[in-house]
Amino acid sequence: MLARELDFTFCDADSLHPPENVERMAAGYPLGDVERWPWLEAVGRYLADSRTANRGTVMACSALKHSYRDALRRHVPDAFFVFLDGPMSVVHQRIDGRNHEFMPPTLLASQYLSLEPLAEDERGIRVDIEESPVRIVDTVRSAVAAAAIPPALRDR
Ligand SMILES: Nc1ncnc2c1ncn2[C@@H]1O[C@H](COP(=O)(O)OP(=O)(O)O)[C@@H](O)[C@H]1O
Ligand SMILES: O=C(O)[C@H](O)[C@@H](O)[C@H](O)[C@H](O)COP(=O)(O)O
């Protein structure tokens with residue numbers, strides 16, 4: 001939805017996991033840093049290639065830790081992160097009600113344990129997942145547009 005509004009391409013980072021990561025998650029085991037680094041590199045490369053092709057991309061990605069986002073920023077330094085924030089109970093309810101190719105709902109708790117919210121020094125925005133999708137897209141679109149204005153020209 002956001003990609004459509006921005007006229008960007010969309011990619012789900014789930015599609016960039018190597019098969020062994022997919023097998024691991026499907027078997028109910030959480031990934032660790034070791035398994036995530038090659039995946040994050042693939043995500044970063046995808047974003048850098050999009051940039052080279054002058055194409056904006058919305059990447060749906062569980063870039064849970066600051067260090068993971070640093071890895072992505074090494075490929076695309078001005079990446080804008082949208083932190084979809086909300087209580088675990090809400091996410092639990094939602095993923096219980098969906099069909100996912102490989103992620104069992106039992107892995108959710110470990111995702112929250114790894115989660116590091118966006119820090120002050122990170123380019124991006126936090127949005128509340130209990131808002132409607134339309135409202136979230138609107139908020140993000142405005143934030144992306146505002147972030148595109150050079151700091152020296154803001155608030156004039
Ligand atoms: N803002 C929202 N309000 C209500 N339901 C939502 C919202 N965002 C996502 N959902 C629902 O939550 C479920 C999980 O969403 P999904 O897009 O699969 O999440 P993920 O970000 O983990 O890929 C889906 O059924 C989706 O329709
Ligand atoms: O780093 C990880 O542990 C995985 O990337 C993991 O986060 C998985 O990809 C998603 O949780 C499942 O995909 P959804 O984003 O669709 O829930």
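Both ligands and their constituent atoms are indexed starting at 1 by order of listing. These values consider heavy atoms only, across backbone and side chains, with no hydrogens, waters or symmetry-generated copies.
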For this session: Give the residue and atom name of whichever protein heavy atom lies nearest to atom 15 (O) of ligand 2, and the separation in Å to one decimal.
Result: D14 OD2, 4.1 Å
Exercise. Which ligand 1 atoms does I136 reach within 4.0 Å, using its non-hydrogen atoms?
Worked result: 1 (N)
For this session: Between R94, R98, H100, flag the one that comes closest to atom 23 (O) of ligand 1 by a heavy atom.
Result: R98
Problem set entry | Value rounded to 0.5 Å, distance of CE in M25 from CD in E101 | 9.5 Å
Exercise. Which of the listed options, R98, Q111, R36, holds the heavy atom that is closest to atom 17 (O) of ligand 2?
Worked result: R98
Exercise. Taking atom types as modelled and ignoring hydrogens, do the side chains of H75 and E41 form a donor-acceptor contact shorter than 3.5 angstrom?
Worked result: yes
For this session: For I129, take its heavy atoms, then give the atoms of ligand 1 lying under 4.0 Å from any of them.
Result: 1 (N), 2 (C)
Problem set entry | Separation between OH of Y68 and CZ of F81, rounded to the nearest 0.5 Å | 13.0 Å
For this session: Pull out every atom of ligand 2 sitting under 4.0 Å from any heavy atom of H100, numbered as shown with elements.
Result: 12 (C), 13 (O), 14 (P), 16 (O)
Problem set entry | For atom 1 (N) of ligand 1, the option (of E131, Q93, E130, M1) bearing the nearest heavy atom | E131
Exercise. Between atom OH of Y46 and atom CG of L16, what is the distance when rounded to the nearest 0.5 Å?
Worked result: 7.5 Å
Problem set entry | Euclidean distance, D128 CG relative to I136 CD1, rounded to 0.5 Å | 7.0 Å
For this session: Check the pair H100, F102 against ring pair (Phe, Tyr, Trp, His ring centres under 6.0 Å), reporting the backbone distance first and the verdict last.
Result: CA-CA 6 Å; H100 193 276; F102 57 77; 4.8 Å; yes
Exercise. Would A60 count as a contact of ligand 1 if the rule is a heavy atom under 4.0 Å away?
Worked result: no
Problem set entry | Min side-chain heavy-atom separation E116-S67 under 4.5 Å | no
For this session: Specify the protein heavy atom at minimum distance from atom 11 (O) of ligand 2: its residue, its atom name, and the distance to 0.1 Å.
Result: M103 SD, 3.2 Å
Problem set entry | Distance flag for atom 27 (O) of ligand 1, protein heavy atom under 4.0 Å | no
Seminar exercise, completed: The reported gap from CZ in R94 to CD1 in I129 (rounded to nearest 0.5 angstrom) is 4.5 Å
For this session: Carefully, step by step, assess D138 and R135 under the rule salt bridge (Lys or Arg N to Asp or Glu O under 4.0 Å).
Result: CA-CA 5 Å; D138 234 45; R135 204 167 158 163; over 6 Å; no
Exercise. Within 4.0 Å of atom 17 (O) of ligand 1 (strictly less), any protein heavy atom?
Worked result: no
Exercise. Is any heavy atom of the protein nearer than 4.0 Å to atom 21 (O) of ligand 1?
Worked result: no
Exercise. Roughly how far, to the nearest 0.5 Å, is CZ of F83 from CG of L64?
Worked result: 9.5 Å
Problem set entry | For P133, the ligand 1 atoms whose distance to one of its heavy atoms is below 4.0 Å | 1 (N), 2 (C), 3 (N)
Problem set entry | Proximity flag H17 to ligand 2, non-hydrogen atoms under 4.0 Å | yes
Exercise. By number and element, which atoms of ligand 2 are closer than 4.0 Å to a non-hydrogen atom of M25?
Worked result: 4 (C), 6 (C), 8 (C)
For this session: Starting from atom 7 (O) of ligand 2, find the nearest protein heavy-atom neighbour and note its residue, name and distance.
Result: S62 OG, 2.5 Å
